[in-house]
Number of protein chains: 2
Amino acid sequence: MVRPSRSQDAHERPTARTRIVEAAARLFQSQGYAGTGLTEILRASKAPKGSLYHYFPNGKRDLAGEAARVAGARFADTMARMAGESASSAQFVVQFTGQLATWLEESRFRQGCPLATLALELAPGDSEASDTLEGVFAAWQDALKLRLEADGIAPERAGRLALLILSSIEGALILSRTARKTEPVLSVGEELAALIESHRGT
Amino acid sequence: MVRPSRSQDAHERPTARTRIVEAAARLFQSQGYAGTGLTEILRASKAPKGSLYHYFPNGKRDLAGEAARVAGARFADTMARMAGESASSAQFVVQFTGQLATWLEESRFRQGCPLATLALELAPGDSEASDTLEGVFAAWQDALKLRLEADGIAPERAGRLALLILSSIEGALILSRTARKTEPVLSVGEELAALIESHRGT
DNA sequence: GTCTATATAGACCGGTCGGTCTAATCATGG
DNA sequence: CCATGATTAGACCGACCGGTCTATATAGAC
């Protein structure tokens, strides 16, 4: 049936499925859904077209959903790790936006939010994809909310604050990419930190 | 030479150029750049392909630039009008996000920010388009900054606040579109208003 | 009128799109 | 060692892509 769990062995090459999903996530992130052809994904992942339709019988749409889930989970892991290591919510936001700025520069401003392009192109026309993306965004917001609550901020307030933080970071990533400068995302990070500080224990 | 200025006569049908740009702006906004074909734009604008390449010899890219300029200017006009009519920056932000929520619902969440999709798909690969988009974003931010300064907020602070407001509204539009709910953009509007109030006269 | 530049009209092009299909190969359990 | 299903491999398909080109209509200048 399914390939046994050897797929994670250290010395083994990732399976074709993994390579396809990784390449798709990266390419969708930088070029968008419609702007990325299956041929390009296959070339980047060194996989044949047969494998793609073996693992994703419904083709490009299913692949986009899986890519969004994987990339979203990885993003969430990074957030959770940094949230755990930081001394306060405010410090966390500054560190996180700093990390985003680094990633922007490393990719020469080609890679922003891993989900934003997919969200704009697929929602709300593709309701299944929208549900997936909505779930990932909600998970991110929840991670932020938990971190704020750990600083003593009341749940209701933390939820609204988390939404503001997530929204402003998403928007700042767009502005930074467009301007090819890290300043927007860094400035927003600092402003958010100041805002959080003013909410300590409320 | 150029068609005389009859093009604005009230009883006259808009020129093919205008129709093409309007249709392109609308379609790019909802489906993205790569996801919108020239044939679709031509069908929507009832214009022949010859006209498109007559007005935009460099084709789709030039058309996207012009569509972004036109849509961006219209957005800026709306902001300026609402800013002038509002009693305070905070009230303005609430009214503006309310208007955005209405537009989202009217389009059944298909039309968010007129520039976001173009920005994510074209920047930073197309530096000319990036420059255009960056200019429009900067104009929006400046309109916000001016409104904040009119409330007595210091220029440096107003600039950073304007960036935060613009970013968070951009991000909230993505989240609202994905979730097919107006709640994110409305909630962000209220949070921003509260934030602005806390800055009165600083 | 005639001349000239603008604008309309759409057939046509090579290339790429997402998707289908058949055949070969591989790995594993009996 | 064979049987079986998972996987790889890529030729192939019709549709559509952005872009080019030639021919025609239209309108203002003189």
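Quick note on labels: first sequence line is chain A, next is B, and so on, each numbered from 1.
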Fill in: Residue pair B:Leu173 / A:Glu170, side-chain heavy-atom distance below 4.5 Å
no
Worksheet entry | Axis deviation across the helix from C:dG1-D:dC30 to C:dG30-D:dC1, five-pair ends, to the nearest 10° | 10°
Item to complete: Hey, could you give me the CD/NZ distance between A:Glu156 and A:Lys145, rounded to the nearest 0.5 Å?
Response: 9.5 Å
Discussion item. Expressed as a whole number of angstroms, how long is the span from A:Lys46:NZ to D:dT7:C1'?
Written reply: 19 Å
Item to complete: Give the rounded distance in Å between these two atoms: CG of A:Leu27 and P of C:dG18.
Response: 12 Å
Worksheet item: In terms of ring plane angle, is the pair B:Trp140 and B:Phe137 parallel, tilted or perpendicular, where the classes change at 30° and 60°?
Response: perpendicular
Discussion item. Once you measure the plane-to-plane angle for B:Phe28 and B:Tyr33, does it fall in the parallel (<30°), tilted (30-60°) or perpendicular (>60°) bin?
Written reply: tilted
Discussion item. Taking any heavy-atom pair under 4.0 Å as a contact, classify A:Lys49: base, sugar-phosphate, or nothing.
Written reply: base
Fill in: Atom CD of A:Glu128 with >12 non-hydrogen neighbours under 6.0 angstrom
no
Discussion item. Using whole Å, what does the distance between atom C1' of nucleotide C:dG10 and atom CD1 of B:Ile41 come to?
Written reply: 17 Å
Item to complete: Quickly work out the B:Arg61 CZ to D:dC17 P distance and round it to whole Å.
Response: 18 Å
Worksheet item: Just wondering, more than 12 heavy atoms not from B:Glu40 lying within 6.0 Å of its CD?
Response: yes
Discussion item. With a 4.0 Å cutoff (strictly under), does any side-chain N or O of B:Ser51 reach OP1 or OP2 of C:dT8?
Written reply: yes
Worksheet item: Over how many whole Å does the gap from A:Arg43 atom CZ to C:dG18 atom P extend?
Response: 12 Å
Worksheet entry | Options C:dG18, D:dA9, D:dG18, nucleotide nearest the side-chain atoms of A:Leu38 | C:dG18
Worksheet item: Does A:Thr39 put a side-chain nitrogen or oxygen below 4.0 Å from OP1 or OP2 of C:dT16?
Response: no
Response to the item:
Between A:Gly50 and A:Thr36, whichever has its closest DNA chain C nucleotide further toward 5' is A:Thr36
Discussion item. Under 4.0 Å, counting only non-hydrogen atoms across every strand here, what does A:Ala47 touch: a base, just sugar-phosphate, or nothing?
Written reply: nothing
Worksheet item: To the nearest angstrom, how far is B:Glu40 atom CD from D:dG18 atom C1'?
Response: 14 Å
Item to complete: Could you check whether A:Gly59 gets within reach of a base, just the sugar-phosphate, or nothing at all, counting any heavy atom under 4.0 Å?
Response: sugar-phosphate
Practice prompt. In plain terms, say whether A:Arg81 and A:Asp77 are close enough for a salt bridge, that is, a side-chain N and a carboxylate O under 4.0 Å apart.
Written response: no
Worksheet entry | N or O in side chain of B:Tyr55 less than 4.0 angstrom from C:dT8 OP1/OP2 | yes
Item to complete: Rounded off to whole Å, could you give me the CG-to-P distance for the B:Leu122 and D:dG18 pair?
Response: 13 Å
Worksheet item: Taking only N and O in the side chain of B:Thr15, is any of them less than 4.0 Å away from OP1 or OP2 of C:dA7?
Response: no
Discussion item. Taking the nucleotide of DNA chain C with the nearest heavy atom to each, does B:His54 or A:Ala34 sit closer to the 5' end?
Written reply: B:His54
Practice prompt. In plain terms, say whether B:Arg26 and B:Glu22 are close enough for a salt bridge, that is, a side-chain N and a carboxylate O under 4.0 Å apart.
Written response: no
Worksheet, complete the sentence: Rounded to whole Å, NZ of B:Lys60 lies from P of D:dC17 at a distance of 8 Å
